[in-house]
Undergrad: 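Take a look at the following structure, please.
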Amino acid sequence: MKRIHKNIPVMLLLLTVVSGLVFTNCEVKKETKPSSKQLSITDAKANQDKRKKWEASPDGIKYKEWEASPAGKKVHASHDKIRKYIKDFSDMEAVVTSVTFQRANVKSGPKWLIVKINDEDYMMQFNLKDFEQLKSLKVNDKIIIRSRSVGYSNNHPYLIISGDYIAQNNKILFKRDFSKNKGC
């Protein structure tokens with residue numbers, strides 16, 4: 001029994017030394033890794049510089065003027081009305097107001113669906129292949145929309161909603177496939 005008592009201080013000393021080496025090694029590894037916070041600050045600075053450069057360009061100036069105009073303010077106000085639905089990716093009841101909308105002076109390109117949600121008009125853009133799934137829609141049809149994002153453009157009269165999910169009478173007409181984006 002005396003022999004065990006003599007070994008306890010030696011074992012405690014050995015345990016202390018080993019654990020100290022392990023913790024020291026962890027701290028060294030942490031210090032050598034570049035901080036992700038520093039990278040994000042650097043990226044944010046670079047993005048801010050790019051934005052300032054764009055805002056000083058003719059397109060940026062035109063956009064900022066549009067944003068301050070009554071039309072731009074109306075588009076931003078319409079975004080405020082659906083912001084919670086976009087954030088939550090929840091159902092929005094909409095009524096189709098146009099399936100043949102075309103931008104002025106544009107002969108070809110994407111197809112547009114114009115919808116009314118809570119007395120505000122919104123645009124939804126689709127490529128030709130995706131729009132094929134919506135060809136059964138008519139003016140005054142009631143649909144359910146879910147969206148993850150919106151877009152502003154001084155070239156468009158309404159807020160642009162990404163059409164990620166569209167259903168009518170509990171039947172899914174369109175559901176965007178995000179697997180091809182590889183998580184982006």
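Note that this is a predicted model, so its numbers are computed, not measured.
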Undergrad: Strictly distance-based, threshold 3.5 Å: is any side-chain N or O of Asp141 a donor or acceptor partner for the main-chain N or O of Lys138?
TA: yes
Undergrad: What residue pairs, at least two apart or across chains, pass side-chain hydrogen bond (donor to acceptor under 3.5 Å, both in side chains) with a residue in residues 91-101?
TA: Asp91-Arg146
Undergrad: Lys111 and Leu128: side-chain contact (heavy atoms from CB on, under 4.5 Å), yes or no, with the steps?
TA: CA-CA 6 Å; Lys111 293 287 192 176; Leu128 296 175; 3.6 Å; yes
Undergrad: If Ile, Leu, Val, Met, Phe, Trp and Tyr residues are connected whenever their side-chain heavy atoms lie under 4.5 Å apart, and connections chain through other members, are Phe131 and Ile145 in the same group?
TA: yes
Undergrad: Who are the side chain to side chain donor-acceptor pair (under 3.5 Å) partners of Ser162, not counting sequence neighbours?
TA: Ser147, Ser149, Asp164
Undergrad: I'd like to know if Ile86 and Ile117 are part of one continuous hydrophobic network [Ile/Leu/Val/Met/Phe/Trp/Tyr, side-chain heavy atoms within less than 4.5 Å].
TA: yes
Undergrad: About how many Å separate CD1 of Ile172 and OH of Tyr165, when rounded to the nearest 0.5 Å?
TA: 4.0 Å
Undergrad: Can Ile143 be reached from Val150 by stepping across I, L, V, M, F, W or Y side chains whose heavy atoms are under 4.5 Å apart?
TA: yes
Undergrad: Residues in side chain to side chain donor-acceptor pair (under 3.5 Å) with Asp121, at least two apart?
TA: Lys116
Undergrad: Does Tyr152 reach the side chain of Ile160, with side-chain heavy atoms less than 4.5 Å apart?
TA: no
Undergrad: Tell me whether Tyr122 contacts the main-chain N or O of Ser78 through its side chain, where contact means a donor paired with an acceptor under 3.5 Å.
TA: yes
Undergrad: Report the residues that fulfil side-chain contact (heavy atoms from CB on, under 4.5 Å) with Asp49, sequence neighbours left out, ordered by chain and then residue number.
TA: Lys45
Undergrad: Please name all residues satisfying side-chain contact (heavy atoms from CB on, under 4.5 Å) with Ile61, sequence neighbours left out, ordered by chain then number.
TA: Glu65
Undergrad: If you group Ile, Leu, Val, Met, Phe, Trp and Tyr by side-chain heavy-atom gaps below 4.5 Å, do Val99 and Val115 land in one group?
TA: yes
Undergrad: Measure the spacing between CG of Leu134 and CD of Gln168 and express it to the nearest 0.5 Å.
TA: 10.0 Å
Undergrad: Could you grab the distance from atom CH2 of Trp112 to atom CE of Met124, nearest 0.5 Å is fine?
TA: 11.0 Å
Undergrad: List in chain and number order the residues that pass side-chain contact (heavy atoms from CB on, under 4.5 Å) with Val139, two or more places apart in sequence or in another chain; answer none if no residue qualifies.
TA: none
Undergrad: For a side-chain contact (heavy atoms from CB on, under 4.5 Å) check, start with the C-alpha distance between Asn140 and Val96, then their side-chain angles and the critical distance, and finish with the verdict.
TA: CA-CA 5 Å; Asn140 293 325; Val96 176; over 6 Å; no
Undergrad: Show your working on side-chain contact (heavy atoms from CB on, under 4.5 Å) between Ile166 and Ile144 and close with a plain yes or no.
TA: CA-CA 6 Å; Ile166 299 174; Ile144 299 294; over 6 Å; no
Undergrad: Only counting residues at least two apart or in another chain, list the ones meeting ring pair (Phe, Tyr, Trp, His ring centres under 6.0 Å) with Tyr158.
TA: none
Undergrad: Go through the structure and list residues passing side-chain contact (heavy atoms from CB on, under 4.5 Å) with Arg83, not counting sequence neighbours.
TA: His79, Asp80
Undergrad: I'd like to know whether CG of Asn47 has more than 12 heavy-atom contacts from other residues, nucleotides or ligands below 6.0 angstrom.
TA: yes
Undergrad: Angle between ring planes, Phe174 versus Phe126, binned at 30° and 60°: parallel, tilted or perpendicular?
TA: perpendicular
Undergrad: For the residue pair Pro157 and Met123, what are the closest heavy atoms and their distance?
TA: CD-SD, 3.9 Å
Undergrad: Out of curiosity, Lys84 NZ to Lys87 NZ, how far, rounded to the nearest 0.5 Å?
TA: 7.5 Å
Undergrad: Could you list the residues that satisfy side chain to side chain donor-acceptor pair (under 3.5 Å) with Lys129, not counting sequence neighbours?
TA: none
Undergrad: What is the distance from atom CG of Asn154 to atom NZ of Lys62, rounded to the nearest 0.5 Å?
TA: 5.5 Å
Undergrad: How would you list all residue pairs meeting salt bridge (Lys or Arg N to Asp or Glu O under 4.0 Å) that involve residues 147-162, not counting sequence neighbours?
TA: none
Undergrad: Can you tell me how far the CD1 atom of Ile82 sits from the CD atom of Glu120, to the nearest 0.5 Å?
TA: 9.5 Å
Undergrad: Sequence neighbours left out, what passes side chain to side chain donor-acceptor pair (under 3.5 Å) with Arg51? Give chain and number order.
TA: Glu55
Undergrad: Just to verify, what does Tyr63 make a ring pair (Phe, Tyr, Trp, His ring centres under 6.0 Å) with, not counting sequence neighbours?
TA: Trp54, Trp66
Undergrad: Is there a path of hydrophobic side-chain contacts, each under 4.5 Å between heavy atoms of I, L, V, M, F, W or Y residues, that connects Phe89 with Leu159?
TA: no
